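Start at 1 and go down the list; that is how both ligands and their atoms are numbered. Because the structure is a prediction, the values reported are computed rather than measured. Position 1 is the first residue of the sequence; numbering continues from there.
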Amino acid sequence: MSDSTPFSADYAAARQRFREGAERLQWKLEQWPIDAVGPSGEELTIDVACSGPADSTRVLVISSGLHGVEGFLGSALQVDLLRSWARQAPPPVKCLFLHGINPFGFAWLRRFDEQNVDPNRNFLLAGQAYEGAPPGYAELDGLLNPRYPPSRWDAFLPRAAYVRLRRGSAAVRQAVAAGQYEFPQGLFYGGAGPGTAHRLLPRLLEPPLRGSQRVVHLDLHTGLGPSGHCKLLLDYPLDPRQHAWFTRHFGAGAFETHDAARTAYQTRGGLGQWCVAQNWSADYLYACAEFGTYGPLRVLAGLRAENQAHHWGRPEDPGTQRAKRRLKELFCPSAGRWRQAVLERGRVIVEQAVRGLVEGDGNSL
Ligand SMILES: [Zn+2]
């Protein structure tokens with residue numbers, strides 16, 4: 001396959017490029033199949049590549065595709081890094097790359113998994129219940145989750161704009177996207193119990209992280225924030241030393257903690273707080289790296305239309321195909337300028353993460 005672009009047209013090509021990149025570096029490769037197939041009947045796997053024993057106490061984890069269709073950029077950045085590290089030396093830390101954590105969503109061009117679960121709302125901590133919905137979600141259910149096939153005439157955008165005007169955008173965003181456990185075919189459904197990614201990740205992550213002193217985990221996402229920009233979003237509280245570490249290595253404006261969120265909203269069941277709570281490492285620093293694409297209302301309209309088509313349309317219907325193609329564009333714009341900007345930004349963040357791993361914060365590790 002050509003080295004020209006790291007962006008792939010579909011899940012199967014992305015997976016192949018990722019595996020080729022890891023093989024070229026002679027990284028150890030694993031594949032973890034899930035119990036579902038892609039649109040052409042293809043096998044769906046989470047692919048894990050690990051750089052071997054180099055300095056195993058400091059580990060850089062880069063994961064893609066937790067939100068399925070968002071994996072097009074995540075995969076491209078992983079492939080780009082693998083290719084460039086094959087030309088120059090890879091970083092002096094252990095690297096663990098997870099490709100397509102939600103391979104069903106990646107292959108079927110949707111954010112959610114084969115059970116309609118949003119994996120980034122599914123990682124509830126021990127003692128938290130898979131129930132409830134944010135105040136206001138039930139009222140918006142009819143607008144967000146129509147129970148009929150899509151049609152060409154749809155008044156979602158003006159209706160949503162009206163709701164946003166009446167209630168305020170922050171309140172609506174919180175009600176819609178925080179995560180709900182009551183509407184199994186609805187948007188941002190967090191599941192009735194641990195989903196596929198939640199069941200598999202401990203088995204994938206724990207063995208290579210065993211014995212590590214510090215882990216920096218970048219989980220790659222798209223669709224939130226200004227186009228082409230990147231924000232690191234943290235869904236767990238930082239202690240002052242960790243806060244200083246993020247400030248020193250990424251800059252004060254580059255990240256948002258969960259209690260001071262402006263780009264994001266407070267969610268339940270996020271991957272970050274769950275990874276941190278597993279105590280796999282003495283110091284687990286996680287950040288969801290969010291790359292902006294289009295405005296929030298357009299992205300929400302696209303998510304709604306795809307979810308409607310997925311549940312109520314037939315896979316071969318032109319309307320279903322259109323909704324899925326549109327979602328891919330919303331989460332991975334085809335414009336060359338955007339793609340170049342996010343790759344460049346992504347490379348910088350990875351360099352900063354590696355420097356932070358190597359230099360630490362002055363404490364002896
Ligand atoms: Zn995401």
Would you say CD of Q26 has more than 12 non-hydrogen atoms from neighbouring residues, nucleotides or ligands within 6.0 angstrom?
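Counting neighbours around CD of Q26, 12 or fewer heavy atoms of other residues, nucleotides or ligands fall under 6.0 Å, so no.
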Check whether any N, O or S atom of E290 sits under 2.8 Å from the Zn ion (ligand 1).
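Not a single backbone or side-chain N, O or S atom of E290 is under 2.8 Å from the Zn ion (ligand 1).
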From C288, does some N, O or S atom reach closer than 2.8 Å to the Zn ion (ligand 1)?
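No N, O or S atom of C288 is closer than 2.8 Å to the Zn ion (ligand 1), so no.
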Write the atom name of the N, O or S atom in [X] that is nearest the Zn ion (ligand 1).
| X | value |
| --- | --- |
| E70 | OE1 |
| H221 | ND1 |
| H67 | ND1 |

Report yes or no: do H310 and N116 form a side-chain donor-acceptor pair below 3.5 Å?
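Absent: no donor and acceptor within the cut-off.
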Between R121 and T267, do the side chains contain a donor N or O and an acceptor N or O under 3.5 Å apart?
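Checked: T267/R121 side chains show no N/O donor-acceptor pair below 3.5 Å.
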Side-chain ion pair, E290 and K231, N-O less than 4.0 Å
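Here E290 does not pair with K231 in a salt bridge, since their nearest N and O are not under 4.0 Å apart.
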Is it true that R248 and E359 make a salt bridge, defined as a side-chain N closer than 4.0 Å to a carboxylate O?
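Salt bridge between R248 and E359, a charged N being under 4.0 Å from a carboxylate O: yes.
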